[in-house]
Amino acid sequence: MSKNTLNSAKLFLNLPIGAIFQVKIKSDSMAPLFLTGDSVWVERTQFTRIETGDIICFYRDFDKNLIIHR
């Protein structure tokens, strides 16, 4: 993992609720909706507002990555 990626993931943890940021997709695991190289906008929200079927972005501590998944 690059130092840049790690810094971006750490930044995510410190953003306030309501903050909006852009994330670049690094794999085709969400194809055909998102493809490698696509960019998506993410809004940090409260856990209680997440509903079944939402696409979420979360921080995975063991490998220090942001993950986007349904």
Where is the tightest heavy-atom contact between Gln22 and Ser39, given as atom of each residue plus distance?
NE2-CB, 3.2 Å
ring-ring contact (aromatic ring centres under 6.0 Å, His included) with Phe58: which residues, sequence neighbours excluded?
none
Would you mind listing every ring-ring contact (aromatic ring centres under 6.0 Å, His included) that reaches into residues 32-57, with sequence neighbours excluded?
none
Heavy atoms of other groups near Arg60 CZ, more than 12 under 6.0 Å:
yes
Gap between atom CG of Leu66 and atom NZ of Lys24 - 0.5 Å precision:
15.0 Å
Using a 3.5 Å distance criterion without hydrogens, assess whether the side chain of Asp28 forms a donor-acceptor pair with backbone atoms of Thr36.
yes
Are Val42 and Leu35 linked, directly or through intermediate hydrophobic residues, by side-chain heavy-atom contacts shorter than 4.5 Å (ILVMFWY only)?
no
Give, for atom CZ of Arg70 and atom CD1 of Ile56, the distance between the pair rounded to the nearest 0.5 Å.
11.0 Å
If you group Ile, Leu, Val, Met, Phe, Trp and Tyr by side-chain heavy-atom gaps below 4.5 Å, do Ile67 and Ile25 land in one group?
no
Out of curiosity, Leu15 CG to Glu43 CD, how far, rounded to the nearest 0.5 Å?
11.5 Å
Among Val23, Leu33, Ile55, exactly one meets side-chain contact (heavy atoms from CB on, under 4.5 Å) together with Val40. Which residue is that?
Val23
